[in-house]
Amino acid sequence: MTSDLQEARNVATVSSGNSKKESLTMVLDLSQSKQLKYLSLGVLVLQTTSLVLTMRYSRTLEEDEPRYLASSAVVSAEVLKIFACALLVFRENNFSLQGMSLLLKEQIVKKPVETLKLAVPAGIYTLQNNLLYVALSNLDAATYQVTYQLKILTTALFSVSMLGKRLGLYQWLSLVLLMAGVTLVQWPTETDEDTEQEVLTAGSQFVGVMSVLMACLSSGFAGVYFEKILKETKQSVWVRNIQLGLFSFMFGLVGMMAFDGESVRRSGMFQGYNTVTCAVVVLQALGGLVIAVVIKYADNILKGFATSLSIIMSTLISYFLLKDFNPTGVFFLGAVLVIAATFLYSYEVKPANRSAVKV
């Protein structure tokens, strides 16, 4: 009986030790997950803010040499994006070149219909990326950042019409706030500048705003279309991004030769490239990868928080460093409404816990 009692104690000790190890493992996993969540949040804020500010700076920087071609930057970013996605696929296949080549052949070459489906969003994304350069050539970073949040509205509307999603009361309310906020940001203000300069500024602002609005429309449709394709197939996200990048590269190359062909033949594709231009290309290429990481580790509330932080940082840097932004009370009111709408759209009403009662 004593041996049985001792054996029971040993079993209890081992069970206690195992449960402690399991608890410690769970705590470590939660801690690591939390760290990755906030790390991805920080990376998203840094990437979004840096891209907008460097793109704006690169388009307004006064230089003796010709300015780089926006169409060339779009093509270069697609090449870099394809390369980055190929590395991730290589990693998923345990760093086997043969495994990666077989996968790409199986998923891309042998499935031409599935591959061709991505031609539509690729063409739209290429147009959108070129529009963003036009927008930031004519708008300050702060106004661009706030106005570009209209992509939440276009994405929501396309999600309802194409994916059959249903929006809640808070989401519809957030879309109304978003429209009001962007309207206030674009509200005309009186200036003391001479009439000619005022007309030039107004014309430039109109081009910038129209470019942002078209980019928001294209972003909403392409994003929802791409999401629909991802849900209908079981292919790797990185393989899908390679397919998307290949079409975007072809469309971008055709667009570059059509609109800037003479300039490319005269001075080369990489004319006007410098350190800032290279930074813009890298940030634009890695943007999609960063968003994919954030979707995996962070929730909607944190993404809304990242957007808000990016707007605030862009406004401050645009005012203090780039000196191309004159804030007004109306702008700040509109920005606050947009930030509030971003949070409200991500807000999810959690059902109250009700204890089950058996009768």
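Just so you know, these numbers come straight off a predicted model, no measurement behind them. Only this structure's heavy atoms are used, side chains among them; waters, hydrogens and symmetry mates stay out.
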Q) Do the rings of Tyr273 and Phe270 sit parallel, tilted or perpendicular, given the 30° and 60° boundaries? A) perpendicular

**Q.** Face-on cation placement of Arg56 at Phe325 ring, 6.0 Å and 45° thresholds
**A.** no

Q. Would you call Glu78 and Lys81 a salt bridge, taking side-chain N to carboxylate O under 4.0 Å as the test?
A. yes

Q: Working to the nearest 0.5 Å, report the span between CG of Asp140 and OG1 of Thr60.
A: 10.5 Å

Q. How long is the span from the CZ atom in Arg265 to the CG atom in Asp260, to the nearest 0.5 Å?
A. 10.5 Å

Q. Taking all non-hydrogen atoms of both residues, which atom of Ala119 and which atom of Phe251 are closest, and how far apart?
A. O-CE1, 3.3 Å

**Q.** Minimum heavy-atom distance between Gly220 and Thr155, given as atom pair plus value
**A.** CA-OG1, 3.5 Å

Q) Hey, what do you get for CG (Leu46) to CG (Leu283), rounding to the nearest 0.5 Å? A) 8.0 Å

Q.
Could you check whether atom CE of Met250 has more than 12 heavy atoms from other residues, nucleotides or ligands sitting under 6.0 Å from it?
A. yes

Q) Looking at Arg67 and Leu61, what are the two nearest heavy atoms and their distance? A) NH1-O, 2.9 Å

Determine all donor-acceptor pairs shorter than 3.5 Å in which one atom belongs to a side chain in residues 96-103; sequence neighbours excluded.
| residue | atom | partner | partner atom | Å |
| --- | --- | --- | --- | --- |
| Ser96 | OG | Gly99 | N | 3.1 |
| Ser101 | OG | Leu97 | O | 3.1 |
| Ser101 | OG | Gln98 | O | 2.8 |

**Q.** Closest non-hydrogen atom pair between Ile229 and Lys117, with its separation
**A.** CD1-O, 3.7 Å

Q: Report the distance from atom CZ of Phe221 to atom OH of Tyr125, rounding to the nearest 0.5 Å.
A: 10.5 Å

Q: Measure the CZ-OG distance between Phe206 and Ser211 for me, rounded to the nearest 0.5 Å.
A: 9.5 Å

Q. So does Phe90 have more than 12 non-hydrogen atoms from other groups sitting under 6.0 Å from CZ?
A. yes

Q. Has Arg266 got more than 12 heavy atoms of other residues, nucleotides or ligands less than 6.0 Å from its CZ?
A. yes

Q: Determine the minimum heavy-atom distance between Ser76 and Met269, stating which atoms define it.
A: OG-CE, 3.9 Å

Q. Just wondering, are more than 12 heavy atoms of other shown residues or ligands nearer than 6.0 Å to NZ in Lys111?
A. yes

Q. Which atom pair, heavy atoms only, marks the closest approach of Phe247 to Thr115?
A. CE1-O, 3.0 Å

